[in-house]
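Following: one structure in structure tokens, then a few remarks.
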Amino acid sequence: MPTIQLEITSGKLAGEGVITAQKKLSQLENVFQDEATRKSMDQDQLIYEVQAYMPVEEGKEGGLYFGNSTIFPGKVNNEYFMTRGHFHTKLDTAEYYWCIQGKGALILMDEEGKTWLEEMTPGSVHYIPGKIAHRVANTGDEKLVFNACWPSEAGHDYATIEKDGFGARLMEVDGKPQLVQNKKE
Ligand code: PAN
Ligand code: ZN
């Protein structure tokens, strides 16, 4: 018997050692552009949920982690619900994402701040090279579900994104998702 099970249609993980974490709107201060609107919304609203199976100690070289992320549909003003996004602490470590359900976008950024996206639809496989920050936005009306696999030595650097953000944000413009470049200050 394997240790964990992947539920093929939902992408959910089950079994001993699978951990689950939730991100509510209250925990996503300064993530969205319109902080006043975020504050005015229901703070208990679940924005995303992450499951992870980490069979080796964090930081250990040579292992692999396996995860599932679910992003709920919705927007803060005209910006789609999304993950915080991060570079890996050990910068030059890659990752795979693959979409199980829903519709969205993988937003990618290099170290110079150049930002672009890959569309996510069920079955799309995304190779995220090392040194590339990544975040996912749900642009549909249903849950966006994807799985991920990343090296155990990768780690998560959230601080760089908290400080500088991504070079562009995924907004609804005229009813459609559009990557809107941040204005240079
Ligand atoms: C993913 C992400 C997950 C949640 O497992 O950690 O989708 O996004 P944030 O970590 O940006 O909040 C991954 O990229 N791991 O490396
Ligand atoms: Zn990652």
Side-chain angles (χ1 to χ4, degrees), residues 4 6 10-13 17-33 38 45-74 76 79-111 115-120 122 124-140 143-170:
I4 64 162
L6 166 70
S10 72
K12 286 278 173 197
L13 311 181
V18 173
I19 53 166
T20 303
Q22 296 186 327
K23 287 284 167 221
K24 294 183 173 179
L25 203 52
S26 59
Q27 295 163 282
L28 298 173
E29 201 176 344
N30 293 319
V31 169
F32 297 94
Q33 186 172 60
R38 183 200 66 88
Q45 160 117 43
L46 196 54
I47 308 299
Y48 64 97
E49 194 168 78
V50 183
Q51 291 187 300
Y53 178 59
M54 306 196 292
V56 298
E57 194 185 313
E58 269 202 274
K60 187 176 155 63
E61 295 241 346
L64 288 172
Y65 293 159
F66 195 83
N68 169 268
S69 298
T70 300
I71 308 175
F72 295 93
V76 173
E79 186 172 16
Y80 299 99
F81 286 176
M82 61 179 177
T83 60
R84 286 175 293 171
H86 56 268
F87 283 101
H88 289 158
T89 310
K90 186 169 181 191
L91 197 57
D92 201 359
T93 50
E95 179 161 7
Y96 275 111
Y97 278 5
W98 60 101
C99 181
I100 300 284
Q101 183 192 332
K103 197 171 108 177
L106 168 61
I107 304 166
L108 301 162
M109 178 178 75
D110 67 17
E111 286 181 281
T115 304
W116 67 101
L117 61 77
E118 292 182 6
E119 281 179 33
M120 295 179 85
S124 63
V125 177
H126 307 269
Y127 178 72
I128 303 165
K131 305 184 185 174
I132 300 293
H134 41 287
R135 92 164 7 142
V136 172
N138 183 346
T139 59
K143 291 191 292 195
L144 172 64
V145 183
F146 63 97
N147 286 151
C149 183
W150 68 100
S152 49
E153 68 266 30
H156 294 101
D157 166 20
Y158 294 106
T160 303
I161 300 301
E162 273 166 31
K163 187 171 146 278
D164 302 329
F166 275 65
R169 291 176 173 277
L170 195 62

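Ligands are counted one by one from 1 in listed order, and the atoms in each one are counted from 1 as well.
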Evaluate the criterion side-chain contact (heavy atoms from CB on, under 4.5 Å) for residue pair L106 and I128; output intermediate values, then yes/no.
-> CA-CA 9 Å; L106 168 61; I128 303 165; 4.0 Å; yes
Return yes when atom [atom1] of [X] has more than 12 non-hydrogen atoms of other residues, nucleotides or ligands closer than 6.0 Å, and no otherwise.
X    : atom1 : answer
K103 : NZ    : no
E119 : CD    : no
E58  : CD    : no

Distance filter under 2.8 Å, centred on the Zn ion (ligand 2) - protein N, O or S atoms that pass it |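 Listed by chain and number, the atoms are H86 NE2, H88 NE2, E95 OE1, H134 NE2.
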Hey, are K143 and E49 close enough for a salt bridge, meaning a charged N less than 4.0 Å from a carboxylate O?
->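 The answer is no: the pair does not qualify as a salt bridge.
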Give the protein residues with at least one non-hydrogen atom closer than 4.0 Å to an atom of ligand 1, ordered by chain and number.
->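 Lining ligand 1: Y48, V50, S69, T83, R84, G85, H86, H88, E95, Y97, H134, F146, W150, H156, Y158.
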From E95, E153, H156, residue fulfilling side chain to side chain donor-acceptor pair (under 3.5 Å) relative to H88 |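 It is E95, the one option of E95, E153, H156 that forms the side chain to side chain donor-acceptor pair (under 3.5 Å) with H88.
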Are the ring centres of Y53 and Y65 closer than 6.0 Å?
->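 No - the distance between ring centres of Y53 and Y65 does not fall below the 6.0 Å cut-off.
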With no hydrogens and no angle check, do the side chains of H86 and H134 hold a donor and an acceptor under 3.5 Å apart?
->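 Checked: H86/H134 side chains pair up, N/O donor to acceptor below 3.5 Å.
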Aromatic F32 / basic R38 pairing, under 6.0 angstrom, 45° off normal |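 No; the conditions do not both hold, so R38 does not lie above the ring face of F32.
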